[in-house]
2 protein chains.
Amino acid sequence: MALLDYDPYARDCPSRQLLDRIGDRWTVLVVGLLEDGPLRFSELSRRVDGISQKMLTQTLRALEADGLVLRTAFPEIPPRVEYELTALGRSLLDPLHVLVAWATENMGEVQAARDRATAA
Amino acid sequence: MALLDYDPYARDCPSRQLLDRIGDRWTVLVVGLLEDGPLRFSELSRRVDGISQKMLTQTLRALEADGLVLRTAFPEIPPRVEYELTALGRSLLDPLHVLVAWATENMGEVQAARDRATAA
DNA sequence: CTGTATCCATGTGGATACTG
DNA sequence: CAGTATCCACATGGATACAG
């Protein structure tokens, strides 16, 4: 399959939509943390060091709207909310792992190229 | 391998750097166009419909600096410049194809989830 | 604890004009 | 043809304050 089977400007271009989603700073980090099981909002907030409450909420809302993450609010006081990957969300892990594997194997070479470019 | 083997805030986190690169609007489109062989600047400009000269230049410069694309300027008048994927650049095609395959198979379900979320 | 609302600094990217 | 330089509108995201 070619990389560009779809018009990248059409709203329904799957590649474009996916890249828009995983391209932002936090989405992949949150998905990665949820790989091993459900986590509470506060736990995510601690583990994704540096994320603001605003961006964590925004990221989780987007993932939930996309059907990648399930949000469960327990009717307790104080409130407890857990987030976990859906089956669809878990199915995204494999492609992400492939990408991470590429990065791990090749970013050294990329960095070397960057250093050469900077020196020149 | 876990998705988060590296500190995502460290400069040398491969995953973060790769996602920063492919997350932008144009990089993947340009790489995809170069999959079938070298192209001139003007040809890329036409094929990546909607891209501004500024962003095309910026994207190509970044890809070149990362060692993913090779730039060849021919000493002619008028000038002719060709861009092509390096071996490193071509090695990125497989992971991208995996991602595109996931998107093609699953974005329908994602869209359905979005529709449900919008309706609610 | 789990958010929402608001303000504001910063970065991104498009349009335009100009150059070798 | 293949860029560079500049201006500017807009989106992104952090900080802060507040609420259920």
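In what follows, every chain begins at residue 1, and chains take the letters A, B, ... in the order their sequences are listed.
Within residues 55-67 of chain B, the residues that place at least one heavy atom under 4.0 Å from DNA chain D are, in residue-number order, B:Thr57, B:Arg61. Taking every heavy atom of residues 73-81 of chain B and every atom of DNA chain D, pairs under 4.0 Å involve B:Pro78, B:Pro79, B:Arg80, B:Val81, by number.
In terms of the side-chain contact (heavy atoms from CB on, under 4.5 Å) criterion, residue partners of B:Ala73 (sequence neighbours excluded) are, by chain and number, B:Arg71, B:Val81. With sequence neighbours left out, the salt bridge (Lys or Arg N to Asp or Glu O under 4.0 Å) criterion links A:Arg80 to A:Glu76, A:Glu82. In this structure A:Thr27 satisfies the side chain to side chain donor-acceptor pair (under 3.5 Å) test together with A:Asp24, sequence neighbours excluded.
OP1 or OP2 of D:dG3 sits under 4.0 Å from a side-chain N or O of B:Arg71. In this model, the phosphate group of D:dA2 is approached by a side-chain N or O of B:Arg40 to a distance below 4.0 Å at OP1 or OP2.
Cluster note: A:Val98 groups with B:Val98 through ILVMFWY side-chain heavy atoms spaced under 4.5 Å, whether in direct contact or through intervening members.
Sorted by first and then second residue, the salt bridge (charged side-chain N to carboxylate O under 4.0 Å, His left out) pairs with a member in residues 36-45 of chain B read B:Glu43-B:Arg46, B:Glu43-B:Arg47; sequence neighbours excluded. For residues 84-105 of chain B, the set of pairs meeting the salt bridge (charged side-chain N to carboxylate O under 4.0 Å, His left out) definition, not counting sequence neighbours, is empty. The list of salt bridge (charged side-chain N to carboxylate O under 4.0 Å, His left out) pairs with a residue in residues 106-120 of chain A, not counting sequence neighbours, reads A:Arg114-B:Asp66.
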Which nucleotides of nucleotides 6-11 of chain C have their base under 4.0 Å from a protein heavy atom (B), which only their sugar-phosphate (S), and which neither (-), written as one string 5' to 3'?
BB----
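The terminal axes of the helix from C:dC1-D:dG20 to C:dG20-D:dC1, fitted over 5 pairs per end, subtend an angle of 40° to the nearest 10°.
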For residues 52-63 of chain B, which side-chain N or O atoms pair as donor and acceptor with protein atoms under 3.5 Å away, sequence neighbours left out?
unit_1  : atom_1 : unit_2  : atom_2 : d
B:Ser52 : OG     : B:Met55 : N      : 3.3
B:Thr57 : OG1    : B:Gln53 : O      : 3.0
B:Thr59 : OG1    : B:Met55 : O      : 2.7

